[in-house]
K.L.:
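Take a look at the following structure, please.
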2 protein chains.
Amino acid sequence: MDEWKYENAPQLRDLFSRFAKSDWRKLTRWSIKASEVRLLLAIKESHGSCSDAGGMTVSDLSKLLQVTSPTVTQMINNLIKNDYVIRSIHPGDRRVAEITLTDKGEQIAQEAGELFTQLFNGLIDHLGKEQSDQLIALLEQVFQYFEQVGKEQL
Amino acid sequence: MDEWKYENAPQLRDLFSRFAKSDWRKLTRWSIKASEVRLLLAIKESHGSCSDAGGMTVSDLSKLLQVTSPTVTQMINNLIKNDYVIRSIHPGDRRVAEITLTDKGEQIAQEAGELFTQLFNGLIDHLGKEQSDQLIALLEQVFQYFEQVGKEQL
DNA sequence: CTAAATAAATAGGTTGCCTACCTAATCAAA
DNA sequence: TTTGATTAGGTAGGCAACCTATTTATTTAG
């Protein structure tokens, strides 16, 4: 009885395996690392929605990208070296670094934003609006499930 | 008009980002690397379906796991060192290494197989049979889309 | 027999993180 | 004001998961 219910589990696993292996985030075309592109994009997108003209902090970026702050620091160091971002000290709290995009960094972030927008708009076209909404609903549940399982593992 | 169509693209991207960041394959509990567990499992699952009692070749594993053969070799070297697999020369073609599981390796593969089966059966429970079938159909299309985009990038 | 193709191994490299630990600055309590 | 605790970020080293370049040995094809 239950065997019929789980007949597609292997297929599901195969699919998720294939997904794990491919990473759309690697679909980039710039001379910097994919992770660094994501950081530039994160700065641009948050800066845009932030009414005060300051930059991003390391902690903010760390939370947003879900990586540790030393990871962010090291990315930033490399991006500074190649003139994509600028680091300055926050006037009100000297512990805090403010990270802002240079024009060069802005350019890449802009392009990356467009690329990803195009990518996911294309996916919606490919699936159709209704199906893509459905996919969202389903994936939310999948994510929830994996998170729950992850917790139980600890 | 089209803007309404793409209103959920950011959400889709966010979801895919979260998925990219988490990796169910890491949900393991053994003292070897997740990638190595996968290799052991691949051996067990293919060996089971293979009517001749020989082991797996490096090429086979490479194709199955979608990694290069040097990657497989190095994994195997480590697994040999820790007594999870045995390498022998194929009697009919001395270029070919045959990789078989030790009892120890068999044990881990067995457990991993059960863990993943449980994981995906649990997902089907979580979603319901109908929804999980739907997810499969949708993900097939998503995968198709990303593959196509990946090709166009080159 | 010889050259090309094949299978696998070795070595070195990159990316994407993480942890351990440290310094400097800020905050809170005495 | 001083002191201890907390916070923010930086540095260094390490690991996992691959990849590429190259080499060696074996097999195949002409």
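Computed from a predicted structure; not experimentally measured. Excluded from the calculations below are hydrogen atoms, water molecules and symmetry mates; all remaining heavy atoms, backbone and side chain alike, are included. Letters A, B, ... mirror the listed sequences (proteins, then strands); counts begin at 1.
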K.L.:
Write down the distance between NZ (B/Lys26) and P (C/dG16), rounded to a whole number of angstrom.
P.N.:
13 Å
K.L.:
Would you mind classifying the nucleic acid contact of A/Arg25 as base, sugar-phosphate or nothing, using non-hydrogen atoms under 4.0 angstrom?
P.N.:
nothing
K.L.:
Between A/Glu114 and A/Gln110, is any side-chain donor less than 3.5 angstrom from a side-chain acceptor?
P.N.:
yes
K.L.:
Using atom CZ of B/Arg87 as one end and atom P of C/dA7 as the other, report the distance to the nearest whole Å.
P.N.:
16 Å
K.L.:
Mind checking A/Ser62 for me? I need base, sugar-phosphate or nothing, with any heavy atom below 4.0 Å counting as a touch.
P.N.:
nothing
K.L.:
Measure NZ/A/Lys63 against P/D/dT7 and give the value in whole Å, please.
P.N.:
11 Å
K.L.:
Select one nucleotide: of D/dG9, C/dA9, C/dT10, the one nearest the side-chain heavy atoms of B/Ala97.
P.N.:
C/dA9
K.L.:
Whether A/Arg13 engages the ring of B/Phe116 as a cation-pi pair (distance to the six-membered ring centre under 6.0 angstrom, angle to the ring normal within 45°) should be assessed.
P.N.:
no
K.L.:
Can you confirm whether or not the ring centre of A/Phe19 sits under 6.0 Å from the ring centre of B/Phe19?
P.N.:
no
K.L.:
OP1 or OP2 of C/dG16 versus the side-chain N and O atoms of A/Ser35: is any pair under 4.0 Å?
P.N.:
yes
K.L.:
Could you work out how much the helix from C/dC1-D/dG30 to C/dA30-D/dT1 bends, comparing the axis of its first five pairs with that of its last five, to 10°?
P.N.:
10°
K.L.:
Taking CD1 from B/Ile99 and C1' from C/dA9, how many angstroms apart are they, rounded to a whole number?
P.N.:
11 Å
K.L.:
Would you mind checking if A/Lys44 and A/Glu106 are paired as a salt bridge, meaning a charged N to carboxylate O distance below 4.0 Å?
P.N.:
yes
K.L.:
Hey, are A/Lys129 and B/Glu7 close enough for a salt bridge, meaning a charged N less than 4.0 Å from a carboxylate O?
P.N.:
yes
K.L.:
Provide, to the nearest angstrom, the distance between the CE atom belonging to B/Met75 and the C1' atom belonging to D/dC18.
P.N.:
8 Å
K.L.:
Which heavy atom of A/Leu64 sits nearest a heavy atom of A/Ser46, and at what distance?
P.N.:
CD2-OG, 3.3 Å
K.L.:
Specify the residue among B/Ser69 and A/Lys33 whose closest nucleotide of DNA chain C lies further upstream toward the 5′ end.
P.N.:
B/Ser69
K.L.:
List the steps and the verdict of side chain to side chain contact (heavy atoms under 4.5 Å, CB included) for A/Val142 and B/Leu135.
P.N.:
CA-CA 10 Å; A/Val142 171; B/Leu135 179 62; 3.6 Å; yes
K.L.:
Kindly check if the number of other-residue, nucleotide or ligand heavy atoms within 6.0 Å of CD (B/Glu140) is above 12?
P.N.:
yes
K.L.:
What nucleic acid atoms does B/Thr73 come within less than 4.0 Å of, heavy atoms only: base, sugar-phosphate, or nothing?
P.N.:
base
K.L.:
Taking CG from B/Leu39 and P from C/dA8, how many angstroms apart are they, rounded to a whole number?
P.N.:
13 Å
K.L.:
Under 4.0 angstrom, heavy atoms only, what part of the nucleic acid is A/Arg38 near: base, sugar-phosphate, or nothing?
P.N.:
sugar-phosphate
K.L.:
Once you round to the nearest 0.5 Å, how far does OG1 of A/Thr102 lie from CD of A/Gln107?
P.N.:
10.0 Å
K.L.:
Can you check the A/Gln66 CD to C/dC18 P distance for me, whole Å?
P.N.:
10 Å
K.L.:
Could you run down nucleotides 20-28 of chain D 5' to 3' and tag each one B, S or - for protein heavy-atom contact under 4.0 Å?
P.N.:
BB----BS-
K.L.:
Tell me whether the OP1 or OP2 atom of C/dC17 has a side-chain N or O from B/Lys21 closer than 4.0 Å.
P.N.:
yes
K.L.:
Give the intermediate values and the outcome of side chain to side chain contact (heavy atoms under 4.5 Å, CB included) for residues B/Phe146 and B/Phe16.
P.N.:
CA-CA 12 Å; B/Phe146 280 139; B/Phe16 274 76; 3.5 Å; yes
K.L.:
I want to check one thing: is the phosphate of C/dA9, taken as OP1 and OP2, less than 4.0 Å away from some side-chain N or O of B/Asn77?
P.N.:
no
K.L.:
Could you state the atom-to-atom distance from CD1 of A/Ile80 to C1' of D/dG10 in whole Å?
P.N.:
11 Å
